[in-house]
Amino acid sequence: MSSSWHFVLVLSIATIYFLANASFVQGLNAIDKCWRPNPNWRRMRMQLATCSVGFSGKMTNNIGKDTIQYTVTDPSDDPSNPKPGTLRYGATMITGKVWITFKNKMSIKLQKPLLVSSFTSIDGRGVDVDITGVGCLVLYKVTDVIIHGLKIHHCNSHGPSSVMGPDGKLMPLGQMDGDAIRLVTASKIWIDHNTLYSCHDGLLDVTRGSTGITISNNWFRDQDKVMLLGHDDGYVRDKDMKVSVIFNHFGPNCNQRMPRVRFGYAHVANNFYRGWEQYAIGGSMNPSIKSESNFFVAPESGTKEVTWRNGIDKSSNPWNFYSKGDFFKNGASFVQTGLGRAKPNYTKEQMFKIVDAKSVKSLSSSSGALKCKTRSTC
Ligand SMILES: *[C@@H]1O[C@H](CO)[C@@H](O)[C@H](O)[C@H]1NC(C)=O
């Protein structure tokens with residue numbers, strides 16, 4: 001009798017556990033579903049590289065037997081002579097494939113912008129990592145970079161200077177405006193689950209012919225100029241730029257550029273917008289934008305219109321601003337232009353499942369740097 005009671009009890013607990021886990025998995029987006037249900041993710045950190053979707057494609061060039069595992073143990077920063085154990089040493093000085101993790105909770109104050117080299121993965125999962133100071137992260141002429149699970153904020157501007165580069169030589173750097181992350185002629189880059197806020201200029205700039213970029217699961221807040229895709233109105237090479245902006249959370253207190261696009265193409269899908277002041281999505285120089293199944297909550301007062309166009313000549317060249325399956329709240333509206341549908345034409349490995357816009361609010365509730373408890377899923 002008692003053993004059958006035990007059996008029923010165990011079975012019920014197992015069922016409850018199974019159902020809870022099933023609903024946890026069901027609430028995850030295409031990227032998170034790939035690794036977050038795995039309770040052994042800490043021992044299989046590099047598996048993350050197989051989870052990216054969108055224009056970055058899979059980040060499998062970053063992993064393999066030849067990948068150096070590097071742990072940041074020292075929060076200090078010496079830009080001209082980076083010390084082993086610091087983030088700058090791992091991200092700049094180690095060439096080839098490196099997978100960077102952090103020993104414990106730390107706050108890193110950069111003394112100069114941090115140049116991240118190719119085939120570098122920075123993985124902040126499981127610890128609280130704050131990066132502030134001058135810069136901040138600069139991806140200059142690099143490919144195959146993963147930035148995951150960092151809080152980057154209060155990044156300040158800096159005049160022209162020189163900083164240690166990947167080749168161990170001091171590299172001249174021009175004026176830095178004070179962005180959390182800045183891409184300059186970078187390709188195959190995945191920026192996932194970071195919390196970015198309160199920087200001097202913008203939070204994320206993709207410039208000078210950068211392409212093959214996925215910006216996913218990030219939380220952008222408290223910023224005037226949030227995200228710039230495309231260098232300036234004269235930089236025609238950005239017409240080849242392709243960026244996926246997916247599963248992100250914008251707001252509160254974001255004013256404009258979520259994103260602002262020049263020349264290139266942006267697939268903006270399944271993002272949650274908690275208001276804006278001037279606009280959410282816009283651009284200049286004939287960009288193509290597909291806005292798909294986003295959740296737009298217009299601000300209480302002011303502009304309800306999502307889009308903004310600078311210098312459009314409606315008669316000659318109608319830009320492709322296309323909205324499909326978006327959900328509009330609080331009077332939000334989206335002015336479409338152009339006849340084409342601006343399809344992303346993803347390859348099979350870039351393709352992912354887009355969810356109904358109405359579930360985006362709950363889906364994006366875990367955007368930004370995740371809190372991962374010990375011995376459990378993130
Ligand atoms: C996808 O293909 C169509 C048709 O060829 C083309 O017009 C469009 O520009 C392509 N989209 C991208 C992002 O390249």
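In listed order, ligands and their atoms are each counted from 1. Along the sequence shown, the residues carry numbers beginning at 1. Here the structure is a predicted model, which means the values were calculated and not measured.
A cation-pi contact links Arg221 to Trp219, judged by a cut-off of 6.0 Å to the six-membered ring centre and 45° from its axis. Seen from the ring of Tyr235, Arg262 does not count as a face-on cation partner, given the 6.0 Å and 45° thresholds. Relative to the ring axis of Trp35, Arg125 places its NZ or CZ within 45° and under 6.0 Å from the centre.
By the definition of a contact as any protein heavy atom under 4.0 Å away, atom 4 (C) of ligand 1 is not in contact. Protein heavy atoms are found inside the 4.0 Å sphere centred on atom 14 (O) of ligand 1. For atom 11 (N) of ligand 1, the nearest protein heavy atom is under 4.0 Å away.
For ligand 1, the atoms closer than 4.0 angstrom to any heavy atom of Lys343 are 1 (C), 10 (C), 11 (N), 12 (C), 13 (C). Near Asn345, meaning under 4.0 Å from any of its heavy atoms, are these atoms of ligand 1: 1 (C), 2 (O), 3 (C), 8 (C), 10 (C), 11 (N), 12 (C), 14 (O). Atoms of ligand 1 lying under 4.0 Å from any heavy atom of Tyr265, numbered from 1 in the order shown and given with element: 13 (C). Close contacts between ligand 1 and Lys242 involve ligand atoms 13 (C), 14 (O) [criterion: under 4.0 Å to a heavy atom].
Residues Val25 and Lys33 come closest through the heavy atom pair O-CE, 3.2 Å.
Using a cut-off of 4.0 Å between Lys/Arg side-chain N and Asp/Glu carboxylate O, Lys188 and Asp144 are scored as not salt-bridged.
The main-chain N or O of Asn81 is found under 3.5 Å from a side-chain atom of Asp78 such that the two form a donor-acceptor pair.
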